[in-house]
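Okay, structure first, notes after.
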There are 2 protein chains.
Amino acid sequence: MYNEDLSWKGLRRTDPDRPRPLADAVLRLIWQKKRISRAEIAGLAGLSRSTVSEIVGEILPMGIVAEVGEGPSRGGRRPIVLEFQDDACVILGVEMGATHVVVALTDLRGRVLMWISRDHDVRTDPVGTRALIEELCAICLAAPAAGDRPLVGIGVAVASPVDPSHPDRASTVVLPAWEGRLGLDVVARKFGVPLMVDNDANLGALAEHWWGAGQGVDDLAFIKLAMGIGSGHVIAGEIYRGATGVAGEIGHLSIDSQGKPCLCGLRGCLVTLVGAPALVERAAELAPSFPDSPLAGRIITIVELENAALAGDPLALQVAQEAAAHLGRAVAGLLNIMNPSMVIIGGMLARLGDLLLVPLRETIVSRTLVSSVAAAEIRAGGLGDLGIAVGASTMVLKAALADSRLFPRVDAGANGVATS
Amino acid sequence: MYNEDLSWKGLRRTDPDRPRPLADAVLRLIWQKKRISRAEIAGLAGLSRSTVSEIVGEILPMGIVAEVGEGPSRGGRRPIVLEFQDDACVILGVEMGATHVVVALTDLRGRVLMWISRDHDVRTDPVGTRALIEELCAICLAAPAAGDRPLVGIGVAVASPVDPSHPDRASTVVLPAWEGRLGLDVVARKFGVPLMVDNDANLGALAEHWWGAGQGVDDLAFIKLAMGIGSGHVIAGEIYRGATGVAGEIGHLSIDSQGKPCLCGLRGCLVTLVGAPALVERAAELAPSFPDSPLAGRIITIVELENAALAGDPLALQVAQEAAAHLGRAVAGLLNIMNPSMVIIGGMLARLGDLLLVPLRETIVSRTLVSSVAAAEIRAGGLGDLGIAVGASTMVLKAALADSRLFPRVDAGANGVATS
DNA sequence: TGGCCTTTGTACGGTGGCCGATCAAAGTAT
DNA sequence: ATACTTTGATCGGCCACCGTACAAAGGCCA
């Protein structure tokens, strides 16, 4: 007759172990505003100046916020400017793709200090991949750009669904050789920091939300176009994972019941129409009609196809337009079901920009009933190839800003000392 | 470079106007457990017994919780049992369909005390509809079942998207005659209580989550099969509305690019295949192949079709199976995108039960890649025709349990007096 | 049956987070 | 130079909640 679940939200007032519940909120505000005075914090956070003074007094010794002189007067005493020290700590973001590993070292504002990409057959070699991640992380941390600054944590993006309640569990479907377990805790122990895992498309969405095209938009979808097609969702500012962490398998939306069979058993899945292999194949099919194209009559790669489209080759353009039309049908479905404010196209094909987006928008607008759905913005991602790795780092940053105990203590004198 | 939005969650500790932030949480716990002692509350809520005593002392005078004798001893003093008074107040739930209005009077546990359904052309007659709602509400409140108990509020379900930030705004697409506004505030003023509005499928999902097939499941989708097809979503226990309140237009998922054109401009929309008119039409198409069917050779209604299927008529069964197959493709897409733990089929066609569900499940299992997605439960709704109206009432109950100030004061002596 | 322990609910003093009032410092407006 | 503003620190106070202590009322066991 009624819901037996005990965990009605907000039953516990706050975590009793956590001193000063509002301190983290103030820290976030400082992070957001970057430079801000105590009085401004009081105004924006709805706290009294006395409370803010007290809280700031506790935050300063942590070393991630510093007083940096005085600001302009607004008719009275000049305020002391508090500045968030973006370079007080570093974060590692790891992208585990199907055939490559990217490690990016960022500061506390998502800026990439250095990065390394290495081809590796991740899918079949778990042991080697773990060692490679450890090696690349160590290289990043030893680099001058890291400058001895303490590490907050390591974020890892995997190209496989991640169950939020069992983050170390790996999908045996996507990564059979990994035997159901990522085993990244050894990496965490090696560096003595927390390690967090999530799906790559989710983290792409997060990165675009924090630093890219989706800033200020609280409900967005991110579609990663590559070999496979995945989508990640940010709802109300949070990553949405669904009940079992596999939300976003947009690649297997069935677009055309008469289409080609897909590995998943459906016919006409989006991935069979818009995945990279499908596009290459389609180009080969169309080649006889475009004898003048430099692509005609030979085996091509997806990168060549993209370059040709950017160069204006009619064959490549036709392939892109067809892909956009197929994708548009799926995105229309996505819009109808999820109703995000924005859809961001990421991954390799995002390079095509308007070549893909213009026909995509046309398809969507002409195929969506409710006008406010069709009004959703469709954009290309703004973060390039490092977007996923930066998203992984952002996940750690977000966690630390939600619970400042995750920030390592920085000795007070070291404010931005090691950057130079 | 960073998110300019100020409203980072949890910045304000609590609403300062609201005394005792935990009092509402305790009240919810009492509601949930129905009968519970102070000591149990302390244990479950993580509060001290002294605090609970104090809070309960404040709740008791409200009249919605009463001490009802002592419970069994567990080795010591016998506990005083607190009981939530489900019949202390009543709530009105209104379903505004396309061609009918349902008003249900419920207690504080979703039980229907009385209900009235009236056919009315809602779409074209806003003034008459408002008057009708007022009339039916007044009848319910004057009935013996209401017993003079105070009204908490009125919930209204409308068969149109509802923008959460402008709840009184009506879609001019679905309800053109209403000129963009519902104008239900007059009803609220008439009865002097708060009035809340949401989409019908959303409220169906809510009702199933609280009282029906979806109890204990925090992520579920509700699909309303009727003239149109709508879906509502509960995510993490809350109704999900999307960025502009139009999440769930599953009816216009494109299933078949070679299908019939739809009003929305797409081809092969789900509603053109599984909507009630489409099913009737399909039955007529198939009739020549089933000359023995009692349905053959004449114009039939959807209800007749349903009844025939339940009676085992091969023609009707074929129509149902085809519908299930089409619906299965859409639900597979929904599962891939949203990954709910459960999908609940409601609306008229839910009457068919396993006739629809069995082929539906088959389609889904054979057409979904990730096994945990396919493991989502597919069920028929458990609340029948009043589900939507009960959901509307539940919306009000939920709001009152989240902010107990919405409960009217009940004079202490009147505990369940008027029920007889 | 009496003693001892447990459980429940209440009373009371204490604590910690936050606020308002106050004040000094340092600026602007006239 | 005077009056007013703004900022930040300090101090006392309030309130929600906690822990302790205690009384009432039960069970367990000799």
Side-chain angles (χ1 to χ4, degrees), chain A residues 10-30 33 35-61 65-83 403-405, chain B residues 10-27 29-30 33 35-61 65-83 404-405:
Chain A
L11 202 126
R12 262 168 216 277
R13 171 200 176 85
T14 57
D15 182 349
D17 309 330
R18 187 99 134 275
R20 274 206 192 280
L22 286 182
D24 290 348
V26 169
L27 181 62
R28 283 194 292 273
L29 191 54
I30 299 173
K33 292 298 175 184
R35 310 173 117 248
I36 191 173
S37 71
R38 289 168 175 79
E40 282 180 273
I41 294 174
L44 291 172
L47 298 172
S48 70
R49 292 204 313 275
S50 40
T51 305
V52 172
S53 270
E54 207 178 331
I55 289 177
V56 169
E58 287 173 18
I59 291 179
L60 284 177
V65 170
E67 297 185 330
V68 289
E70 298 184 331
S73 163
R74 297 193 320 174
R77 171 175 171 180
R78 296 170 64 190
I80 302 173
V81 175
L82 301 168
E83 187 189 63
D403 181 354
S404 59
R405 289 172 301 178
Chain B
L11 203 127
R12 261 169 216 277
R13 172 198 174 86
T14 57
D15 182 349
D17 309 331
R18 189 100 135 272
R20 274 205 192 279
L22 287 183
D24 290 349
V26 169
L27 181 60
L29 191 54
I30 299 173
K33 292 298 177 182
R35 310 172 118 249
I36 191 174
S37 71
R38 289 169 175 80
E40 283 179 273
I41 294 173
L44 291 171
L47 298 171
S48 70
R49 294 203 313 274
S50 40
T51 305
V52 172
S53 268
E54 207 179 329
I55 290 177
V56 169
E58 286 174 18
I59 290 180
L60 284 176
V65 170
E67 296 184 330
V68 290
E70 298 183 332
S73 162
R74 296 195 320 175
R77 174 174 169 180
R78 296 171 61 191
I80 303 173
V81 175
L82 301 168
E83 187 188 63
S404 61
R405 290 173 300 179

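Labels below follow one simple rule: chain letters A, B, ... track the order of the sequence lines, proteins then strands, and each chain is numbered from 1. Here the structure is a predicted model, which is why all the values come from computation and not from measurement.
Spacing between atom CZ of R20(B) and atom P of dC15(D) amounts to 11 Å, rounded to whole angstrom units. The CD1-C1' distance, from I41(B) to dC17(D), rounds to 16 Å in whole Å. Atom P of nucleotide dA16(D) and atom CG of D24(B) are separated by 13 Å, given to the nearest angstrom. E58(B) places its CD atom 17 Å from the P atom of dG9(C), with the value rounded to the nearest Å. If you take CG of L47(B) and P of dG9(C), they are 14 Å apart, rounded to a whole angstrom.
Annotation: side chain of L44(B) is in contact with side chain of K33(B) (closest heavy-atom distance under 4.5 Å).
Applying the side chain to side chain donor-acceptor pair (under 3.5 Å) criterion to R35(B), with sequence neighbours excluded, gives E83(B). Not counting sequence neighbours, the partners of S50(B) by the side chain to side chain contact (heavy atoms under 4.5 Å, CB included) test are S48(B).
Closest of all the heavy-atom pairs between S404(A) and D24(A) is OG-OD1, 2.5 Å.
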Next on the checklist: Working note: L22(B) + T51(B), criterion side-chain contact (heavy atoms from CB on, under 4.5 Å); need CA distance, chi angles, decisive distance, verdict.
Outcome noted: CA-CA 10 Å; L22(B) 287 183; T51(B) 305; 5.7 Å; no
Next on the checklist: Applying side-chain contact (heavy atoms from CB on, under 4.5 Å) to V68(A) and I80(A), what does each step give before you reach the verdict?
Outcome noted: CA-CA 7 Å; V68(A) 289; I80(A) 302 173; over 6 Å; no
Quick one: which protein N/O atoms are closer than 3.5 Å to N/O atoms of nucleotides 28-30 of chain D? Pair and distance per line, please.
none

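Among residue pairs with one or both ends in residues 66-82 of chain A, those qualifying as side-chain hydrogen bond (donor to acceptor under 3.5 Å, both in side chains) are R38(A)-E67(A); sequence neighbours excluded. Applying the salt bridge (charged side-chain N to carboxylate O under 4.0 Å, His left out) test to residues at least two apart or on different chains, the pairs with a partner in residues 47-57 of chain A are R20(A)-E54(A).
Judged by closest nucleotide on DNA chain C, S48(A) is the one of E70(A) and S48(A) placed further toward the 5' end.
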Checklist outcome for this item: Under a 4.0 Å heavy-atom criterion, the protein footprint on nucleotides 1-14 of chain D, written with B, S and -, is ----BBBBBB----
